[in-house]
Amino acid sequence: MAKDGSYRDRSVLIHGKFKSEKWSFADHITPPITTAVSFRLRSAERGAQGFQQFANPEYDRDTTTPVYIYDRLDEPCQGLLEETLAFAEKGECAVSFATGMAAVSAAIGIFLRTGDHIVYHPAIYGCTHSHIQNWLTRFGITNTGVNLNDLSALEKAITDDTRVIYFETPCNPTMELIDMEALVGLVKKINKKRPAERKLMTVVDNTFASPYGQRPITHGIDLVLHSLTKHIGGFGCTMGGVVVTRKEFESDLLVYRKDFGGSLSPDAAWHILTYGVPTLSLRLERQQTSAQRVAEFLDLHGKVSKVHYPGLDTFAQKDLAHKQMRDIDGDFAPGAMIYFEIAGNPEQSYQRAMKVIDHIAANSLSITLAVSLGQIRTLVEHPASMTHSALPPEAQLEAGIAPGGIRLSLGLEDVRDILRDLEQALNTI
Ligand SMILES: *Cc1c(COP(=O)(O)O)cnc(C)c1O
């Protein structure tokens, strides 16, 4: 029989691992769902064994049949989803979480102690920014925002206390990319002089590209995280998060999840495993094709001053995009997200962007005014006044968020309808 590794990613994302220790597949085609919070332990010895094995690195989760105890610790649907997502991201293990933010806080939280320092790229998800600025600082964890593509500025920002380097690529919402291999090169150089427990850890939020479009671990990144709520969930009906990394960090992630409590519900895990992951490549292919066409349309439109989409010839980091944004077949994958700026001075462009969005909200079937992204429905929003409004104006400017900037997440509608709805809205300004 062929080994798992000989099948293409597309097939494995549909079936998961052919054989799993998490459940017997003898009778199930779709993954099972269990709704019991606690599990029958059968004997005192088996109960003790469950507690002894949980998050214990001596027991390999891939090859040990788990003794399930309580849903917050571990349960079968989470486990099946984790195996599949570890495969998708080319990592050794994955730990799921209740939301993307629970994954963000765990991925950095397992490394940080009072006195530590975190370096991050300024264009960053609003709640991640708030987590770092408003909460970690309370525990004496300091931070510096610095352009991670400027390696000399980064080197200056890194101190002996720095433990984590955190970023997104593409960044939300500006679509700016971080050169992962250049960054990892510098980090490796610095890490040579550091003891194991003080090594710099690189953490990337890969939500925008999804594992379909880019696998940062293959570029040397230590931890990759996702909001499963977005592309991977895909249908906009379940929240979730995941961290994918090396085995050595699995136990800490499991214990962090157990003690902070951000465990993914079995129901959400089941939906993501049954509907989201198997359709990921199909959805992304279609959405990306639409995004390319919409980006080309916007690029030629007189009312639009700038379009940020990695698939355009005018994209500032085109070479880098071609280097690191590669789909599961190795082809260029510019993704399903577009950021574009309405022409005019700051005040004008702000007002015009609001008008375009209001017209869409009132008249468009194919484009919905809503936050979030990566759904089968095309979503539009205005980062400066919505998702990124928590960033003070200076921070918005530093992050490249324009007053007249609009974010589009392409869905599965007929692209001709999306183009017409956009054109009609742009005609009103
Ligand atoms: C949505 C999002 C998150 C947070 O995910 P939730 O599931 O909403 O908690 C983090 N990072 C990025 C880039 C996101 O788009």
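In listed order, ligands and their atoms are each counted from 1. Bear in mind the structure is a predicted one, so any value in this text is a computation, not a measurement.
- When ring centroids are compared, Phe111 and Phe249 come within the 6.0 Å threshold.
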Write 'none' if nothing qualifies; otherwise put on separate lines each N/O atom of ligand 1 with a protein N/O atom under 3.5 Å away and their distance to 0.1 Å.
{"residue": "ligand 1", "atom": "5 (O)", "partner": "Ser227", "partner atom": "OG", "Å": "3.0"}
{"residue": "ligand 1", "atom": "7 (O)", "partner": "Gly100", "partner atom": "N", "Å": "2.8"}
{"residue": "ligand 1", "atom": "7 (O)", "partner": "Ser227", "partner atom": "OG", "Å": "2.8"}
{"residue": "ligand 1", "atom": "7 (O)", "partner": "Thr229", "partner atom": "OG1", "Å": "2.6"}
{"residue": "ligand 1", "atom": "9 (O)", "partner": "Gly100", "partner atom": "N", "Å": "3.0"}
{"residue": "ligand 1", "atom": "9 (O)", "partner": "Met101", "partner atom": "N", "Å": "2.9"}
{"residue": "ligand 1", "atom": "11 (N)", "partner": "Asp205", "partner atom": "OD2", "Å": "2.6"}
{"residue": "ligand 1", "atom": "15 (O)", "partner": "Lys230", "partner atom": "NZ", "Å": "2.7"}

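- A distance of 12.5 Å separates CG in Asn206 from CG in Leu223, rounded to the nearest 0.5 Å.
- In this structure, His308 and Tyr339 have tilted ring planes: the angle between them lies in the 30° to 60° band.
- The side-chain hydrogen bond (donor to acceptor under 3.5 Å, both in side chains) check on Lys199 picks up nothing, with sequence neighbours excluded.
- Note on ring orientation: taking the six-membered ring where Trp is involved, the planes of Tyr256 and Phe260 are parallel (angle under 30°, cut-offs 30° and 60°).
- Interatomic distance, Ile272 CD1 to Gln78 CD, rounded to the nearest 0.5 Å: 10.5 Å.
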